[in-house]
Amino acid sequence: MRSLALVALAFSLHTTCYSNDDLSAHKLEVTAEIDQHISKLQEHKSCINSAGTKEALMECRKTMKTWRDSERSEHLEKRKSRIEERMQKLQDRKNKLSTP
């Protein structure tokens, strides 16, 4: 029973650790996403600054909202897949521990 508690504690304290190569790749991916967001915000800002009418301003907002919604749904899909991967790993660990 004590070993099971230690295993549970080890899993609860486990954090995502990256090797140097994985960390570099992850940093590049995050930086690329940030650059994409900055670019889109600058595009939105220029659209707002160049809008001459209320309708044009609303069109800028609609375009940005469409982009944000697609980003949000993409983020949720990634999140769901990561959760499924973690659940599968947990299930595999449980199976491994339960087999003698």
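Every heavy atom of this structure was used, including side-chain atoms; hydrogens, water molecules and symmetry mates were not.
- Legend: residues meeting side-chain hydrogen bond (donor to acceptor under 3.5 Å, both in side chains) with E29, ordered by chain and number and at least two apart, are absent.
- Listed by first and then second residue, the salt bridge (charged side-chain N to carboxylate O under 4.0 Å, His left out) pairs involving residues 41-54 are K40-E43 (not counting sequence neighbours).
- For K65, the side-chain hydrogen bond (donor to acceptor under 3.5 Å, both in side chains) partners two or more places apart in sequence, or in a different chain, are D69.
- Taking the side-chain hydrogen bond (donor to acceptor under 3.5 Å, both in side chains) definition, one finds that D35 meets it with nothing, sequence neighbours left out.
- Within the structure, disulfide (SG to SG under 2.5 Å) pairs that include any residue of residues 25-73 comprise C47-C60 (at least two apart or interchain).
- Residue M87 is found in a hydrophobic cluster whose other members, listed by chain and number, are I83; membership requires side-chain heavy atoms under 4.5 Å apart, directly or through intermediates.
- Pairs passing the ring-ring contact (aromatic ring centres under 6.0 Å, His included) check and including a residue from residues 42-73, sequence neighbours excluded, read H37-W67.
- Atom CZ of R68 is surrounded by more than 12 heavy atoms from other residues, nucleotides or ligands within 6.0 Å.
- Residues satisfying the side-chain contact (heavy atoms from CB on, under 4.5 Å) criterion with A56, sequence neighbours excluded, are A51, T53.
- Among residue pairs with one or both ends in residues 74-87, those qualifying as side-chain hydrogen bond (donor to acceptor under 3.5 Å, both in side chains) are E33-K78; sequence neighbours excluded.
- In this structure, the side-chain contact (heavy atoms from CB on, under 4.5 Å) partners of L41, at least two apart in sequence or on a different chain, are M64.
- In this structure L28 satisfies the side-chain contact (heavy atoms from CB on, under 4.5 Å) test with no other residue, sequence neighbours excluded.
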